[in-house]
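See structure below.
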Amino acid sequence: MMKKSLLLITVSIFAVVAAGCSASITTNTTSNNAKPANTAANSTSSNSSSSNSASNSNSAKKDQAKLTNEKKPEGKSKKVSTNPVPTNWVYVYDEKKGYGFSVPEGTTGESNSQDGVDVFGATTPEKIDIFVIAYKDKTLSKEDLLKDAVDFLTEMGQTVKPGELKGESADYSVADADTEMKADGRKGKLRILVGTDVTDNYIMILGTDADKFAANEKIIDEIWGSFEMWSGGASGS
């Protein structure tokens with residue numbers, strides 16, 4: 001499972017990229033030194049958000065960059081699903097960590113990395129929060145990654161009730177989770193995708209307020225279904 005030092009690194013990065021997120025995942029920290037970035041591959045930032053302050057949240061959103069299409073690399077990838085996404089969606093690609101996925105047009109995002117851990121955070125126009133955590137550890141299973149996701153969210157001040165993983169393939173599995181902010185009792189619902197290859201691991205968290213999840217479930221499924229990695233997959237092939 002995620003070592004404590006790695007968890008602390010990830011939490012620190014999360015505070016940087018959490019600007020503009022909804023109550024489903026947001027932390028309670030604030031800062032004002034953002035450098036907006038387009039992709040998880042090339043960004044630096046030191047911005048964070050307050051889930052209890054509308055003014056802070058609106059200010060943070062101005063600092064987030066609107067994501068634009070990036071060129072998908074050549075070669076064969078390991079994709080979760082072959083289902084198409086809307087033609088006007090934007091493709092996000094992280095060259096350093098070897099993953100990509102599609103998001104609705106108008107999505108804004110931030111990212112940062114520290115000591116081998118990359119965290120990418122974005123918010124769609126529908127107020128769906130997206131987080132991708134990427135790091136190397138060849139010893140981890142998909143069950144370990146789900147536990148890392150739960151530990152990560154717990155550290156963010158949430159009570160998390162995860163469901164069981166459902167296998168999409170040898171490379172990917174998905175689980176749902178219900179969350180509640182310890183500070184004020186706000187409820188969220190998440191869908192968590194975990195992917196692993198020989199050395200690289202990916203956690204994708206998508207969430208929104210619990211009462212908005214059903215209305216946005218199709219979009220959430222299209223986003224995580226578009227996730228792909230070029231690192232070979234669990235089999236390394």
Side-chain angles (χ1 to χ4, degrees), residues 17-22 24-25 36-43 45 61 64-113 118-134 142 145 149 166-176 189-197 200-208 212-234:
V17 301
C21 298
S22 76
S24 60
I25 308 178
N38 183 42
T39 71
N42 301 307
S43 63
S45 172
K61 286 182 182 181
Q64 284 188 322
K66 184 175 289 188
L67 302 178
T68 57
N69 259 318
E70 300 188 43
K71 184 179 179 181
K72 183 182 293 192
E74 297 180 359
K76 186 177 181 180
S77 67
K78 287 294 184 73
K79 193 172 182 180
V80 179
S81 170
T82 58
N83 294 335
V85 296
T87 57
N88 65 333
W89 278 27
V90 172
Y91 190 77
V92 177
Y93 174 56
D94 185 332
E95 181 178 8
K96 185 172 74 171
K97 290 298 183 181
Y99 72 84
F101 59 96
S102 297
V103 295
E105 187 176 28
T107 297
T108 58
E110 299 275 354
S111 64
N112 208 336
S113 62
D118 284 18
V119 178
F120 172 78
T123 304
T124 74
E126 299 81 12
K127 308 305 179 186
I128 299 167
D129 296 334
I130 306 166
F131 286 90
V132 179
I133 307 168
K142 287 179 286 187
L145 296 182
K166 298 179 180 179
E168 296 295 318
S169 68
D171 305 309
Y172 297 104
S173 291
V174 178
D176 286 350
K189 188 173 180 61
L190 313 178
R191 190 148 287 165
I192 303 170
L193 172 72
V194 296
T196 180
D197 73 355
D200 290 292
N201 303 289
Y202 306 99
I203 299 170
M204 185 182 217
I205 303 171
L206 302 103
T208 189
K212 298 177 182 177
F213 187 87
N216 290 292
E217 188 170 12
K218 182 177 183 295
I219 297 173
I220 289 171
D221 286 343
E222 287 174 332
I223 295 172
W224 69 258
S226 71
F227 191 93
E228 54 190 333
M229 55 186 173
W230 278 265
S231 49

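Asp200 CG to Met229 CE: the interatomic distance, rounded to the nearest 0.5 Å, is 9.0 Å. For the atom pair NZ of Lys142 and CG of Leu193, the computed distance is 10.0 Å after rounding to the nearest 0.5 Å. Put simply, CG on Asn216 and CD on Glu126 are 6.0 Å apart, with the number rounded to the nearest 0.5 Å. In this structure, CH2 in Trp230 is found 11.5 Å from OH in Tyr99, a value given to the nearest 0.5 Å. A distance of 11.5 Å separates CG in Leu145 from OH in Tyr202, rounded to the nearest 0.5 Å. If you take CE on Met204 and OH on Tyr172, they are separated by 10.0 Å, rounding to the nearest 0.5 Å.
No more than 12 heavy atoms of other residues, nucleotides or ligands sit less than 6.0 Å from atom NZ of Lys212.
Across every non-hydrogen atom of Gly207 and Leu190, the tightest pair is CA-CD2, 3.5 Å. Minimum heavy-atom separation, Ser173 to Gly167: OG-CA, 3.4 Å. Closest approach of Ser102 and Ser226 over heavy atoms only: N-OG, 2.9 Å. Nearest heavy-atom pair, Glu105 versus Asn88, reported as atom, atom and distance to 0.1 Å: CB-O, 3.3 Å.
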Starting from the C-alpha separation in whole Å, work towards a yes-or-no answer on side-chain contact (heavy atoms from CB on, under 4.5 Å) for Ile130 and Val103.
-> CA-CA 9 Å; Ile130 306 166; Val103 295; 3.8 Å; yes

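Using modelled atom types, one side-chain atom of Asn69 and one backbone atom of Tyr91 make a donor-acceptor pair closer than 3.5 Å.
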Under 3.5 Å, sequence neighbours excluded: what are the donor-acceptor pairs made by side chains of residues 218-225?
unit_1, atom_1, unit_2, atom_2, d
Lys218, NZ, Glu222, OE2, 2.6
Asp221, OD1, Arg191, NH1, 2.7
Asp221, OD1, Trp224, NE1, 2.7
Asp221, OD2, Arg191, NH1, 3.4

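Side-chain atoms of Ser113 and Lys96 include a donor-acceptor pair closer than 3.5 Å.
By the 30° and 60° cut-offs, the orientation of the rings of Phe101 relative to Phe227 is parallel.
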